Structure formats: structure tokens, C-alpha cells
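The structure appears below as C-alpha cells.
Small disclaimer: the values here were computed from a predicted structure and weren't measured.
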Amino acid sequence: MTPRLDSSLAWKTATRLVATNRDVLMAIAGVFFLLPGLAFSVFVPEPQMAPGTPPGKMMEIMAESWTSSLPLLIIVTLLQMAGTVTMLIVMTDPQRPTVAQAISRGFRALGPYMLAQLIVGGVLGMAFLVLVSAATLTGVQAIGAAVILAAFVAMIWCSLRMALVAPVLAIEAERNPVQALRRSWALTQGNSGRLLAFFFLSGLLFAVVYGLAMMLVGVVLVLMTGGELQRVLTAAVSSAITSGALVYFIAILAAVYRQLAGPPTAEIRSVFD
């Protein structure tokens, strides 16, 4: 039977993992999160729209911006995925691998991780399209709205059940994406609601911290800088805060995995306890 998630214990474990490996995690976050995120913010600015732009024109501008930024977005996403697995290895491997070894193993797990995400995205996307298309054929707006809402809830639920794919790939060294998905599905059984509440509250905390920090930084930058320099500095601060949030989220995944996977071996227990 899968144990119940204790979010308080998971948070304490996550903060301890970050504190114990702080220096190494900062270096990895800088390479895989901060620099790619900053590059994306600088080289792919938000599309500018004049007041009163028609909705159709707005969609066209956003589509063009998305298309032009897609290659860089893919690179940034792959780096962040590799960084996620690398951090999980650093935080949980009792053998204490060097940063180079952890990065090498992180990139080796990138293929299975990417395939697992593509499988989930493909299945959920196809199911969503089928359900919405079927509801549209009925011609009843209420049915269509209900189906869209139900499909959205189902997608969130499935995403929660697949949340531990990265820890499975990193900690268990699983390289079969289908097996990693099955393992995550089994580990999260009976804990979807607790995971949703834990992730939501954690995300809310980070959102509040991010909003307050950017508000204060924005005031300072408006008073002291302007133009392109202000935009670059704002992007740098935003990327730094986001990178820190990602580090804590990855530690949360490791802590949740530790609880739901059951008692670890003596060596791995020493890492978490």
C-alpha cells in the first residue's frame, strides 16, 4: 500500500536537501536554469502590441513570436530537463558523484525523460482533442463546456500521477520511459489530492515571493536605469528568482519520492535523514 504524503515532512526534507548541497546546486542552476532562461528573456522579448489591437491581430502576433522563438525554447527546455535530473542525482546519490559525473548521467537520462514527456503530452493531447471534437458534434454548448472542464481536470490529475518520472529516472536509474511512467503512476496512487495541494501551496508561496521581489526590484531599476539596460537587469533578476524556485521544486520532487517510494536502504537513508 502506498504511504500517505506528509507535506510538512516533505517540505522540511526538501529544504534540508537544498541547504546540504547549496553550493553545488547553485552552480548547476546557473548553467542549466539561469543562463538559458536569461538568454531566452533577452533574445526573445515579449511581443509588443499597440493599444486597441484587434484580437485576431493579437493572435497573429503571438503566433509569429512563438514560431520564431521555438528553436531556442526547445534548447532551453532540454537544458532544464537535463539540469533537473542532474540536481536529483546530486541531492540523492549516496556515492556523492562529482558535478561532471552528475551532469554526464543527467544527459544520459535526457532521452528517456524527453520520451516520457512526449508520451504523456501526446496521449493527453490526443484524448483532449477527441473529447472536445465529440462534444462539439453534439451542438450543445453546455455539453461542450462540461467536457472541456472535465478534460482539463483529467489532464491535471494525470500530470500529478506522472510527477515523479524525473526522480525515478535519477534515483532508480530507470532508462525505459514507459517503465518510468508506470513507476510514477504506482508511487502516486492515492495521493493525487495531497500532491495537488502541496504543489499548489508551494507554487503560491513562490509566486508571492517572486511578485514582491520583482516589485521592489522594478522600483529600484526604474529609478536608477532605463531602456535596454533596465530590461536586461529585470530579466536577470527574474531568471535568478525563477532558478531558485526550480531548485526548491526539484528538491520537493526528491522529498516526495523519498516518502512514497518507502523505506530506502541504509545508504540512501543517510542522504535524506
Using ring centroids (six-membered ring only for Trp), state whether F199 and F249 fall under 6.0 Å. yes
So does S7 get a backbone contact from the side chain of R194, meaning a donor-acceptor N/O pair under 3.5 Å? no
L260 and P3: which non-hydrogen atoms are nearest, and at how many Å? CD2-O, 3.4 Å
In this structure, CG of L204 is separated from CZ of F200 (nearest 0.5 Å) by 5.0 Å
W185 vs W157 aromatic rings, parallel, tilted or perpendicular, using cut-offs 30° and 60°? perpendicular
Taking all non-hydrogen atoms of both residues into account, name the closest pair between P112 and L169 and its distance. CB-CD2, 4.0 Å
Could you tell me if the side chain of M162 sits less than 4.5 Å from the side chain of Q117, heavy atoms only? no
Walk me through it: do T188 and L195 pass the test side chain to side chain contact (heavy atoms under 4.5 Å, CB included)? CA-CA 8 Å; T188 55; L195 284 171; 3.7 Å; yes
Can you find a heavy atom in the side chain of I89 that is under 4.5 Å from one in the side chain of P97? yes
Crowded around R182 CZ? As in, over 12 foreign heavy atoms under 6.0 Å? no
Take S41 and S239 through the test side chain to side chain contact (heavy atoms under 4.5 Å, CB included) and record every step on the way to the result. CA-CA 8 Å; S41 298; S239 298; 4.1 Å; yes
Looking at I171, V178, N176, which one forms a side-chain contact (heavy atoms from CB on, under 4.5 Å) with E174? N176
Out of curiosity, F198 CZ to S8 OG, how far, rounded to the nearest 0.5 Å? 8.5 Å
Atom pair CE (M214) and CD1 (I241), whose distance is rounded to the nearest 0.5 Å: 6.0 Å
N/O donor-acceptor pair under 3.5 Å between S104 side chain and A100 backbone: no
Side chain to side chain donor-acceptor pair (under 3.5 Å) evaluation trace for R96 with N21: CA-CA 10 Å; R96 296 298 182 186; N21 302 277; 3.3 Å; yes
If you round to the nearest 0.5 Å, how far is CG of L17 from CE of M87? 12.5 Å
Donor-acceptor pair, T13 side chain versus L9 backbone, under 3.5 Å? yes
Would W11 and L205 count as a side chain to side chain contact (heavy atoms under 4.5 Å, CB included) if you check the C-alpha gap in whole Å, the side-chain angles of each, and the deciding distance to 0.1 Å? CA-CA 12 Å; W11 176 255; L205 172 62; 4.1 Å; yes
Restricting to non-hydrogen atoms, name the atom on F33 and the atom on G83 that form the minimum distance, rounded to 0.1 Å. CZ-C, 4.1 Å
Is any side-chain heavy atom of S202 less than 4.5 Å from a side-chain heavy atom of I252? yes
Give a yes or no on whether V153 and L196 share a hydrophobic cluster (residues Ile, Leu, Val, Met, Phe, Trp, Tyr; joining criterion: side-chain heavy atoms under 4.5 Å apart). no
Once rounded to the nearest 0.5 Å, what's the spacing between atom CG of L79 and atom CG of L110? 8.5 Å
Please tell me if the side chains of V24 and V99 come closer than 4.5 Å, counting only heavy atoms from C-beta onward. yes
Answer yes when R105 and D93 have at least one side-chain N-carboxylate O distance shorter than 4.0 Å, and no when they do not. yes
Nearest heavy-atom contact between S184 and V168 is N-CG2, 4.4 Å
When hydrophobic residues are tied together by side-chain contacts of less than 4.5 Å, even through go-betweens, does V232 share a cluster with L35? no
Taking the side chain as every heavy atom from C-beta outward, state whether T15 and Y248 have any atom pair closer than 4.5 Å. yes
Between R16 and T20, is the side chain to side chain donor-acceptor pair (under 3.5 Å) condition met? List the steps. CA-CA 6 Å; R16 185 165 60 249; T20 303; 5.9 Å; no
How close do V18 and A251 get, counting heavy atoms only, and between which atoms? CG2-CB, 3.6 Å
What closest approach, in Å, do A235 and L38 show between heavy atoms, and which atom pair accounts for it? C-CD1, 3.7 Å
When you group the ILVMFWY residues by side-chain heavy-atom contacts below 4.5 Å and let the links chain together, are V209 and M215 in the same group? no
Cluster overlap L229 with L216, hydrophobic side-chain contacts below 4.5 Å: no
Show your reasoning for whether side chain to side chain donor-acceptor pair (under 3.5 Å) applies to T84 and Y113. CA-CA 10 Å; T84 297; Y113 193 12; 5.1 Å; no
Determine, using the 4.5 Å side-chain heavy-atom cutoff (strictly less than), whether L70 and M81 are members of one ILVMFWY cluster. yes
Between I250 and M91, is a side chain to side chain contact (heavy atoms under 4.5 Å, CB included) present by the stated rule, with each step listed? CA-CA 9 Å; I250 294 168; M91 286 188 284; 3.6 Å; yes
L160 CG to M155 CE distance, which is reported to the nearest 0.5 Å: 12.0 Å
Can you tell me how the ring of F32 sits relative to the ring of F107, calling it parallel under 30°, perpendicular over 60° and tilted otherwise? tilted
